[in-house]
Amino acid sequence: MIDLNALRADPQRFRNAWQDRGESIDVDSLLALDAKVRESKVKTEGLRAEVNAASKAIGAVAKQGAAALEAAKAKARELGDQAKAVDAEREVLERQLTDKLLILPNVCLPAVPTGKDASANVVSATWGEKPQFAFTPKAHWDLAPALDIMDFDRAAKLSGSGFVALKGAGARLSRALISWFLDTHTLTNGYTEWAPPYLVSTQQMVGTGQLPKFRDQFYACRDDDLVLIPTAEVPITNLHAGEILEAETLPRKYTAHTPCFRREAGAAGVGTRGMTRVHQFDKVEVVWLTRPETSEADLMTLRGHAEWLLQQLGLHYRVLDLCTGDTGFGSARTFDLEVWAPGANAWLEVSSCSTFTDFQARRANLRFRDKGGKPQFVHTLNGSALALPRCLIALIETYQQADGSVTIPPVLRPYLGGLEKITK
RNA sequence: GGACAGGUGGCAGAGUGGUCGAAUGCGCGCGCUUGGAAAGCGCGUAACGGGGAAACUCGUUCGGGGGUUCGAAUCCCUCCCUGUCCGCCA
């Protein structure tokens with residue numbers, strides 16, 4: 001949620017920012033509604049104050065006799081009824097305003113390149129080179145079933161299209177990656193590991209910004225008012241919702257492995273072949289709750305943690321500095337890490353590292369306090385480090401051999417019982 | 001799923017219709033004390049929102065929502081959560 005005070009103080013800044021995002025938002029009507037809400041509030045509160053004063057005085061009135069008491073009660077009751085009526089109006093207006101605020105996107109940081117869509121994203125770094133093959137490299141959707149480590153047909157039988165079942169060395173490789181990612185974050189990068197619930201209440205989805213705007217993107221268990229998490233960002237960021245954290249405990253650096261469930265409504269067709277876009281996938285997420293003044297630098301550190309993993313795996317990747325038009329709803333700045341898949345002949349997004357500034361913190365009421373100071377909102381950051389399926393794809397496609405086998409990068413071998421190569 | 005007991009400030013914990021935004025303790029801040037610190041002593045210390053240049057002031061908030069009442073932390077209804085016991089169960 002954006003800061004309404006800031007919007008009042010400098011509406012033009014927000015107009016420009018939203019325009020850069022390609023959003024047309026009627027700032028004037030928003031401000032008009034806000035003014036109405038506040039006017040209504042002043043009215044309600046004035047009446048309430050009168051009611052309170054009248055009630056307080058009633059004790060003394062009682063001593064003047066029953067008739068006086070009854071008169072005083074009647075008067076107070078009348079005031080109370082008036083206050084209730086005005087307050088009901090206020091409530092309606094306030095709900096209207098809140099509904100509008102909840103679907104307003106965040107404002108991008110000044111450093112974000114201005115642009116309309118993905119074509120304006122800037123490649124801000126590239127690591128490694130495209131691997132060269134003496135043969136025509138295969139895509140994972142051919143390679144992996146041939147090695148008997150991915151089964152798309154049986155997954156479809158169980159759950160329909162957009163699912164995959166990993167088998168044997170495929171399942172184990174996925175598990176090895178998860179363990180190595182988590183170990184790196186906890187042992188080297190100073191993260192604390194969580195294993196959170198995968199089902200959360202819809203309130204949490206409001207906190208991180210998926211709701212109310214993106215209701216069709218995730219799976220809901222409506223009988224229980226729970227949703228399947230589309231990313232660990234949701235439970236992890238909301239862990240401290242409503243709390244006031246001591247400043248010296250910041251930054252909180254959390255990591256978690258969870259499955260992620262996404263309906264991917266409207267995504268059918270392009271770029272969905274094989275395991276590149278599935279309804280359920282594993283991901284290791286990193287989340288920071290940090291101080292506003294360090295959050296921009298922290299984002300670079302977080303991004304570095306994700307990049308380090310790709311480097312250790314020896315995978316060619318690039319970093320996109322997303323432009324204003326391509327930056328996600330709640331994000332103020334996002335770097336996407338895309339890994340090269342030589343078989344599919346495509347860049348695959350394996351990580352998205354973002355700062356949400358205080359956007360999520362306002363929604364989730366996530367604050368911190370310096371000793372003796374006032375509570376203020378933290379900044380929240382998160383990033384994938386990394387998403388499993390596309391790492392698997394890149395690994396398999398990058399390290400495939402002419403005979404259809406796949407070699408394992410040295411860093412993963414300890415997690416695979418020393419396995420050096422996957423063969424049929 | 002059933003029965004019972006609970007849910008109060010940053011934390012612990014008192015509070016059964018007005019004098020309660022709420023005792024007390026801890027924590028935290030400032031001061032005194034001290035060579036310095038600890039202890040001790042004194043004072044201060046909830047959040048959010050409105051108005052105001054400010055001093056300040058008004059409103060809301062005692063798990064959520066609703067109700068009774070002139071007035072609710074306190075009474076009633078309902079939902080959620082926690083604990084204990086029972087049931088069920090990986």
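Letters go in sequence order (proteins before strands), and every chain restarts at 1. Remember, it's a predicted structure, so these values are computed and weren't measured experimentally.
- Distance check on atom C1': B/A73 versus B/A22 gives 8 Å, rounded to whole Å.
- A 3.5 Å limit on both hydrogen-bonding distances identifies B/U45 as the Watson-Crick or G-U partner of B/G27.
- Panel note: side chain A/Trp288, backbone A/Asp298; no donor-acceptor pair is recorded below 3.5 Å.
- For A/Glu420, the salt bridge (charged side-chain N to carboxylate O under 4.0 Å, His left out) criterion is met by no residue, not counting sequence neighbours.
- The separation of B/C79 from B/G2, taken at their P atoms, amounts to 10 Å, rounded to a whole angstrom.
- Rounded to an integer number of Å, the gap from NZ of A/Lys41 to C1' of B/G52 is 17 Å.
- As a whole-Å value, the separation of A/Glu94 CD from B/C48 P is 16 Å.
- Within the shown strands, B/G83 is the pairing partner of B/C4 under the Watson-Crick or G-U definition, both distances less than 3.5 Å.
- For the C1' atoms, the distance linking B/G9 with B/G15 amounts to 14 Å, nearest Å.
- Applying the Watson-Crick and G-U wobble criteria (two distances, each under 3.5 Å), B/A22 pairs with nothing in any strand.
- Taking the six-membered ring for Trp and the full ring otherwise, the centers of A/Tyr254 and A/His240 sit less than 6.0 Å from each other.
- Taking atom CG on A/Leu97 and atom C1' on B/G50, their separation rounds to 14 Å, with Å as the unit.
- Distance CD (A/Gln376) to C1' (B/A47): 15 Å, rounded to an integer number of Å.
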For every nucleotide of nucleotides 57-70 of chain B, 5' to 3': is a protein heavy atom under 4.0 Å from its base (B), only from its sugar-phosphate (S), or from neither (-)? -BSS---------B
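- The gap from the P atom of B/G64 to that of B/U69 amounts to 23 Å, rounded to the nearest Å.
- Not one side-chain nitrogen or oxygen of A/Arg367 sits closer than 4.0 Å to the OP1 or OP2 atom of B/A47.
- The distance between atom CG of A/Leu4 and atom P of B/G50, rounded to the nearest whole Å, is 8 Å.
- Checking A/Tyr317 against A/Glu307 by side-chain atom types alone, a donor-acceptor pair falls below 3.5 Å.
- One finds no salt bridge joining A/Lys43 and A/Glu39 here, because no Lys/Arg side-chain nitrogen approaches an Asp/Glu carboxylate oxygen to under 4.0 Å.
- Going from the C1' atom of B/A23 to that of B/C76 covers 28 Å, rounded to whole Å.
- Along RNA chain B, the nucleotide nearest A/Gly80 and the nucleotide nearest A/Val42 are compared for position; the residue whose nucleotide lies closer to the 5' end is A/Val42.
- With hydrogens and angles ignored, the 3.5 Å screen pairs a side-chain donor or acceptor of A/Thr355 with a backbone N or O of A/Thr357.
- Here B/G27 presents its P atom at 15 Å from CD of A/Glu248, a figure rounded to the nearest Å.
- A distance of about 48 Å separates the P atoms of B/G83 and B/C32, rounded to the whole Å.
- Between the side chain of A/Glu397 and the backbone N or O of A/Ala344, at least one donor-acceptor pair lies under 3.5 Å.
- Rounding to whole angstrom units, CG of residue A/Leu47 and P of B/G50 are separated by 19 Å.
- Base-pair partner of B/G9: not found among the strands shown (Watson-Crick or G-U wobble, both distances under 3.5 Å).
- If you check every strand for non-hydrogen atoms under 4.0 Å, A/Arg8 touches sugar and phosphate atoms only.
- The pairing partner recorded for B/G40 is B/C32, the criterion being a Watson-Crick or G-U wobble arrangement whose two distances lie under 3.5 angstrom.
- In this structure, A/Leu69 places its CG atom 12 Å from C1' of B/G71, rounding to the nearest Å.
- With respect to A/Leu289, the side chain to side chain contact (heavy atoms under 4.5 Å, CB included) criterion is satisfied by exactly one of A/Gln360, A/Glu243, A/Arg252, A/Lys253: A/Arg252.
- Place A/Arg38 and A/Pro375 on RNA chain B by their nearest nucleotides, and A/Pro375 ends up nearer the 5' end.
- Using Watson-Crick or G-U wobble geometry with both donor-acceptor distances under 3.5 Å, B/C89 finds no partner in any strand shown.
- Under the 6.0 Å cut-off for aromatic ring centres, A/Phe359 and A/His379 do not qualify, their centroids lying 6.0 Å or more apart.
- Put simply, the side chain of A/Thr301 gets close to the backbone of A/Ala297: a donor and an acceptor are under 3.5 Å apart.
- To the nearest whole angstrom, the two C1' atoms, one in B/U19 and one in B/C11, are 28 Å apart.
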Shorter than 3.5 Å, N or O on both sides, protein versus nucleotides 8-12 of chain B: list them out with atom names.
none

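- The main-chain N or O of A/Leu102 is found under 3.5 Å from a side-chain atom of A/Arg363 such that the two form a donor-acceptor pair.
- Only the C1' atoms considered, B/C41 is 26 Å distant from B/A46, to the nearest whole Å.
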